[in-house]
There are 2 protein chains.
Amino acid sequence: MAYRSTERVKARLTASRERIVAAAVGILAEHGYAGCSVAAVAERAGVATGSVYRHFPAKADLFAEVFRTASQREVDAVSRAAARETTAAAKLRAVVETFSGRALQSPRLAYALLAEPVDPAVEAQRLIFRRAHATLIAGYVAAGVASGELPPQDTELTSTAVVGALAEAMVGPLAAGVAGPDTIGGLTTFIHRALGVSP
Amino acid sequence: MAYRSTERVKARLTASRERIVAAAVGILAEHGYAGCSVAAVAERAGVATGSVYRHFPAKADLFAEVFRTASQREVDAVSRAAARETTAAAKLRAVVETFSGRALQSPRLAYALLAEPVDPAVEAQRLIFRRAHATLIAGYVAAGVASGELPPQDTELTSTAVVGALAEAMVGPLAAGVAGPDTIGGLTTFIHRALGVSP
DNA sequence: GCAAGAAATGAATGATGGTTCAATTCTTCT
DNA sequence: AGAAGAATTGAACCATCATTCATTTCTTGC
């Protein structure tokens with residue numbers, strides 16, 4: 001045998017793979033899923049179209065990872081912000097503010113993650129994204145219920161509804177380009193009330 | 001001139017057009033948007049593929065009308081149910097029950113109208129569908145605020161959030177095939193609280 | 001340096017499905 | 001009945017991309 005891939009090559013492979021994912025996230029954030037042809041992603045990553053297929057068996061697999069990566073970043077940000085707070089009310093306020101603030105900061109990406117039409121295989125990842133948020137929120141709600149800060153409720157259902165409310169309230173502004181002056185405040189009140197935070 | 005289309009022919013044209021729309025709604029309800037190739041719609045309507053284009057300049061235009069038609073039906077049903085009630089709380093309960101009940105009755109159609117990936121041109125109609133619901137709800141909320149039954153709020157924002165919550169809470173059950181035992185009750189409570197219905 | 005094999009390339013392939021249009025059938029009016 | 005024109009047909013066309021693969025370029029160990 002005269003060739004056995006070495007660490008250096010493996011590192012380059014990994015770097016290449018990461019560049020492809022990053023390129024895809026970049027195009028997603030700039031032009032949405034519609035702009036994400038495999039050729040465009042490859043060009044931006046500085047590789048040939050065919051090379052994408054050395055890392056991912058199919059486009060759907062690439063974008064599953066892309067959505068997972070981008071989603072995780074969002075969920076982490078929300079989670080980090082909530083972790084700084086102690087009461088359920090404060091945690092939920094942090095969730096709303098972080099979620100909405102970031103969405104309004106990167107509207108194209110937020111729209112792609114939340115609502116833009118994508119192939120069915122990628123759609124599944126979107127559901128996972130939404131569920132990840134819901135699960136996070138369900139934890140805060142459940143803790144609030146346990147401590148008596150919130151009334152008893154089906155936390156699975158209410159956290160799902162919260163995610164829906166947040167997403168829907170964002171899609172309009174994301175499309176229009178601006179949110180109303182107190183969109184975030186209004187949403188916070190809505191969600192506090194919905195979950196039974198006492199006034 | 002030896003030919004000038006007559007009433008009878010015009011009626012047939014209209015009937016044909018309506019059959020095409022109905023066929024599309026039917027396929028949408030049975031197989032979702034994915035099953036809605038122009039050829040499939042034409043076959044179900046009993047016309048040739050090309051004939052679809054005598055009525056609609058492009059597939060997107062056909063489906064704009066399809067979504068408009070199907071959406072209107074939903075909005076009307078919700079509106080009718082709410083009209084029977086007098087208080088904001090009761091109207092909102094009727095909205096939740098009708099919306100959810102119908103969605104769970106026709107899950108495939110509901111999923112297509114609410115969440116299934118479609119071309120961007122059709123997506124626009126979905127936004128209109130959601131806005132139509134939101135506008136309807138905003139009316140009930142505004143009336144409730146005016147009468148003092150509900151606290152002051154940005155009715156545009158809160159009604160949008162309500163639609164999001166409803167839709168999101170439905171997508172899971174629609175995909176899974178079943179709703180929890182008290183999904184609708186839980187949602188009603190959630191929305192009553194969110195809008196400030198006093199307990 | 002060179003042989004063996006891995007990685008990378010990008011033009012060609014193929015599948016999908018919307019759209020067109022020449023040919024055909026149907027309507028109307030004289 | 002027959003001419004003029006409209007409606008209908010459906011197979012062919014075409015555009016779009018995801019995917020493939022024969023060829024080229026790069027790496028490694030000797």
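A note on names: the letters A, B, ... follow the listed sequences, proteins ahead of strands, and every chain is numbered from 1. For clarity, every value in this text was computed on a predicted model and none was experimentally measured.
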S.K.: Within this structure, what is the CD-to-P distance between B:E7 and C:dT27, rounded to whole angstrom?
M.R.: 16 Å

S.K.: If I take atom CZ in residue B:R12 and atom P in nucleotide D:dA6, what distance separates them, rounded to the nearest angstrom?
M.R.: 15 Å

S.K.: What pair of heavy atoms forms the shortest contact from B:Y140 to B:V95, and how long is it?
M.R.: CE1-CG2, 3.8 Å

S.K.: Identify the two heavy atoms, one from A:A90 and one from A:T87, that lie closest to each other, and give their separation to 0.1 Å.
M.R.: N-OG1, 3.0 Å

S.K.: Kindly say whether A:L114 contributes a backbone atom to a donor-acceptor pair with the side chain of A:R130 at under 3.5 angstrom?
M.R.: yes

S.K.: Calculate the interatomic distance between A:D61 atom CG and D:dA18 atom P; express it in whole Å.
M.R.: 14 Å

S.K.: Scan residues 19-32 of chain B for pairs that pass side-chain hydrogen bond (donor to acceptor under 3.5 Å, both in side chains), counting only residues two or more places apart or in two chains.
M.R.: B:E30-B:R44

S.K.: Strictly below 4.0 Å: does A:R54 bring a side-chain N or O up to OP1 or OP2 of C:dA6?
M.R.: no

S.K.: Search all heavy atoms of B:V145 against all heavy atoms of B:P151 and return the closest pair with its distance.
M.R.: CG2-O, 3.3 Å

S.K.: Taking atom P of C:dT9 as reference, at what distance in whole Å does atom CD of A:E43 sit?
M.R.: 12 Å

S.K.: Distances under 3.5 Å only, N/O to N/O: pair up the protein atoms with those of nucleotides 17-20 of chain C.
M.R.:
{"residue": "C:dG18", "atom": "OP1", "partner": "B:K59", "partner atom": "NZ", "Å": "2.5"}
{"residue": "C:dG18", "atom": "OP2", "partner": "B:V38", "partner atom": "N", "Å": "2.9"}
{"residue": "C:dT19", "atom": "OP2", "partner": "B:Y53", "partner atom": "OH", "Å": "2.6"}
{"residue": "C:dT19", "atom": "OP2", "partner": "B:K59", "partner atom": "N", "Å": "2.8"}
{"residue": "C:dT19", "atom": "O5'", "partner": "B:Y53", "partner atom": "OH", "Å": "3.4"}

S.K.: In whole angstrom, give the distance that lies between atom CD1 of B:I20 and atom C1' of D:dA7.
M.R.: 12 Å

S.K.: Judged by atom type as modelled, is there a donor-acceptor pair below 3.5 Å linking the side chain of A:R126 to the main-chain atoms of A:E116?
M.R.: yes

S.K.: Roughly, in whole Å, what's the span from CZ in A:R8 to P in C:dA6?
M.R.: 17 Å

S.K.: What is the distance, rounded to the nearest whole Å, between atom CG of B:L13 and atom P of D:dT9?
M.R.: 11 Å

